[in-house]
K.L.:
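One structure is given below, represented as structure tokens, and several questions about it will come after.
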Amino acid sequence: MLKRTVTCGELTAEDTGKKIVLNGWVNKRRDLGGLIFFDLRDRYGLTQVVCDPEKGKSLMNIAHKLSAEDVVAVRGYVRLRPDDAINNDMPTGKIEVLAEEIEILNPAATLPFLVTDRETGLEDLRLKYRYLELRTAEIQKCLAIRHHAAQSVRSFYSKNGFFEIETPMLMKSTPEGARDYLVPSRIYKGRFYALPQSPQTYKQLLMIGGFDRYFQIVKCFRDEDLRADRQPEFTQIDVEMSFIDEDDIMENTETMLCRVFQDVINVELPRPFPRMEYSDAMRRFGSDKPDIRFGVEIHTLNTFLQNCGFRVFQSVIDSGGSVAAICVPGGAGFSRKIIDELTEQIKGWGAKGLAFVKITENGLESGVSKFLNSVEKEIVQTVGGKPGDIILFVADESRVTYPALGRLRLTVAKRLDLIPKRQFKPLWVTRFPLLEYDEEEKRYVAMHHPFTSAIPEDRAKLKTDPGAVIARAYDIVINGNEIGGGSIRNHTPEMQQEMFDVLGISREEARAKFGFLLDALTFGAPPHGGIALGFDRLVMLLAGTENIRDVIAFPKTTSAASLMDGSPTPVSGDQLKELGIKIV
RNA sequence: GGAGCCGUAGUUCAACUGGUUAGAGCACCGGCCUGUCACGCCGGAAGUUGCGGGUUCGAAUCCCGUCGGCCCCGCCA
């Protein structure tokens, strides 16, 4: 074959006259009867090739046959385009290659969708022919960003003394947390490995093993239901350090993220990242991952509405709940229909209803405004309202009111386009509760994971008031996306045992499931902690996409299937027999 | 586990209230065209209306079931 001497993205006017060979895919052919133009594409760009009848009949016969996505080699020379044919939309638009020989390396069948226009195929079709979608400019860009991000992360940690150490993919299944993907053992019939939900225990063991700065870009697996930003297998930037505290991890992670944003998209993140305690995040934003690119904060109004005479508010306050509100700039224009839609949505989030008042030049306006007469000024002032705004109230138990308003805040902000684009606002959320009560299981479960330590002053409360214990945990949030989270771990067997106790894990079970870790903690485990960042989500932010499948070369559907190869598939009876497995 | 939206030519969509031979753009095939770059013009081929059942004189359309995709809730330490 004719092997390329240059790529399709690099020729410029300075190369005029050079004899070259290009390899690539036919992006688009334009047959003018005499002259035939086509654009040749590879990962590096697009170059126009022109075929002139003066170069011979056989050349024109081949050029005539070309169609989209044929793989070809073109030998020819570079020449300037005529002035009136320069294409300023193309980086190579000043030149073209006059073909002298075209070799069709492999013709393409009729395509299920156009590689030049991703929208010509619905997503299931694009996933079936993923290798074609990989040729699209969008996916090429996303995977380039992913590559650069990975390299930036690696070089940052490596330069800072971190070792990249691989941990097993076949590990022990553990209780707590997500459902495991299981792998049957042939040698030990009836026993199973699990694929890691994260390398959590291994990285702690690496600390105990003396590798005091570790990182890894690593696949993790969780068998849970999926979302637009969740895949069954995903990638984490996993980090652990010894002899450190929260500030060290946060400082180090900030530096890393700044480096990556700088390297990959040339964006400077504002340092230091602001920090917010979990309780404030919930009260002000109704979320543990607030999007702080815009305001519309939640305001608690109990004190003003205690005696307002509106029964709905009154009874909620009397029973210990919260009445809170957001003030939506420009929301006074909301029609009855929009407000009804918002009400429906908020009911779906567990709230009983939505009250509203519009702020006009003449005061408050709506069905409930008459109850607010005496406190009108205070309320408007508290929520920061001005004429043209709408105040949306939710009254319910606090655990309903704030999250509902938090979601409402995001919904109306999207609707009114209040969220600044191409802006990055990182935020640390700190002082999470260590535990939350699981109503179904009737026990406390770890909010982060069972290896997270309590702040020292709360340690005694583990036995008396577990729900009030604050964890040494922190999440990094960017633009309302949880990008990562971590904690300072329990590094003594006593601390870890206390945690297992409060989780209701018996001594026997703790020994059976985590005996190796408890043992390891007895042999001089250093104080340690770390963080894990969702690499796919980070790349989504860098690439500006809402869909995790855009940043993964071979993603699965929201039902965890691969449409390209059809996995998961049944396996043969022989395979099952060898594993000692029977399908029920 | 639950809710919503979607499934018609290779593909993206259309087809009124259930009614003639299921249409159009792009792609594909053929013809014409020497400066195109969304090339243009003329012509052609292309359909198990996801699948199964039901209602009806008649179903892409209505009903039931099922499969698949997307999105959301639960879930995801």
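By convention in this document, chain letters (A, B, ...) are assigned in the order of the sequence lines, proteins followed by strands, and residues within each chain are numbered from 1.
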K.L.:
Going by the rule salt bridge (Lys or Arg N to Asp or Glu O under 4.0 Å), which residues pair with D417(A) if we only count those two or more places apart in sequence or in a different chain?
P.N.:
K421(A)
K.L.:
With the side chain of H64(A) defined as its heavy atoms from C-beta on, choose the nearest nucleotide among G31(B), G35(B), C76(B).
P.N.:
G31(B)
K.L.:
Side chain of D225(A) only, please: which of G1(B), G31(B), G35(B) is the nearest?
P.N.:
G1(B)
K.L.:
Measure from the side chain of L32(A), starting at C-beta and using heavy atoms only, and say which of C73(B), G35(B), C75(B) lies closest.
P.N.:
G35(B)
K.L.:
Please list residues of residues 131-139 of chain A whose heavy atoms come under 4.0 Å from any atom in RNA chain B, ordered by number; otherwise none.
P.N.:
none
K.L.:
If you round to the nearest 0.5 Å, how far is CZ of R135(A) from OH of Y131(A)?
P.N.:
9.0 Å
K.L.:
Not counting sequence neighbours, list each pair that qualifies as a ring-ring contact (aromatic ring centres under 6.0 Å, His included) and has a residue in residues 465-499 of chain A.
P.N.:
none
K.L.:
If you check the D52(A) side chain, which of G69(B), U34(B), G1(B) turns out closest?
P.N.:
U34(B)
K.L.:
Filter on salt bridge (Lys or Arg N to Asp or Glu O under 4.0 Å), then keep only pairs touching residues 400-415 of chain A, sequence neighbours left out; what's left?
P.N.:
E341(A)-R415(A)
K.L.:
Protein-nucleotides 7-15 of chain B N/O pairs closer than 3.5 Å?
P.N.:
{"residue": "U11(B)", "atom": "O4'", "partner": "P112(A)", "partner atom": "O", "Å": "3.2"}
{"residue": "U11(B)", "atom": "O2'", "partner": "T120(A)", "partner atom": "O", "Å": "2.1"}
{"residue": "U12(B)", "atom": "OP1", "partner": "L122(A)", "partner atom": "N", "Å": "2.9"}

K.L.:
Do R30(A) and C33(B) have a side chain to base donor-acceptor pair shorter than 3.5 Å?
P.N.:
no
K.L.:
Taking only residues two or more places apart in sequence or in another chain, which ones pass side-chain hydrogen bond (donor to acceptor under 3.5 Å, both in side chains) with E176(A)?
P.N.:
R443(A)
K.L.:
Look at the side chain of R222(A) and the base of C76(B), then say whether one donor and one acceptor between them are separated by less than 3.5 Å.
P.N.:
no
K.L.:
What residues, two or more places apart in sequence or in another chain, satisfy salt bridge (Lys or Arg N to Asp or Glu O under 4.0 Å) together with E397(A)?
P.N.:
R399(A)
K.L.:
Which nucleotide in the set G74(B), C76(B), C37(B) lies at the smallest distance from any side-chain heavy atom of D39(A)?
P.N.:
C37(B)
K.L.:
Is A27(B) paired to anything, Watson-Crick or G-U wobble with both distances less than 3.5 Å, and if yes, which nucleotide?
P.N.:
none
K.L.:
Please collect all salt bridge (Lys or Arg N to Asp or Glu O under 4.0 Å) contacts where either partner lies in residues 478-502 of chain A, sequence neighbours excluded, each pair once.
P.N.:
E240(A)-R489(A), R459(A)-E498(A), D501(A)-R507(A)
K.L.:
Does any pair with a residue in residues 72-83 of chain A pass salt bridge (Lys or Arg N to Asp or Glu O under 4.0 Å), and if so which ones, sequence neighbours excluded?
P.N.:
R75(A)-E100(A), R75(A)-E101(A), R79(A)-E96(A)
K.L.:
When you measure from every atom of RNA chain B, which of residues 70-88 of chain A have a heavy atom less than 4.0 Å away?
P.N.:
R79(A), R81(A), P82(A), A85(A), N87(A)
K.L.:
Tell me which pairs pass salt bridge (Lys or Arg N to Asp or Glu O under 4.0 Å) where either residue lies in residues 32-51 of chain A, with sequence neighbours left out.
P.N.:
R4(A)-D42(A), R30(A)-D39(A), R41(A)-E69(A)
K.L.:
Of the nucleotides A27(B), C75(B), C37(B), which one has an atom closest to the side chain of Q48(A)?
P.N.:
C37(B)
K.L.:
What pairs with D519(A) under salt bridge (Lys or Arg N to Asp or Glu O under 4.0 Å), at least two apart in sequence or on another chain?
P.N.:
R511(A)
K.L.:
Can you tell me which nucleotide in C28(B), C76(B), C37(B) comes closest to the side chain of S67(A)?
P.N.:
C28(B)
K.L.:
Record whether the side chain of R126(A) comes under 3.5 Å of the base of G69(B) through a donor-acceptor pair of N or O atoms.
P.N.:
no
K.L.:
Under 4.0 Å between a side-chain N or O of R549(A) and OP1 or OP2 of G69(B)?
P.N.:
no
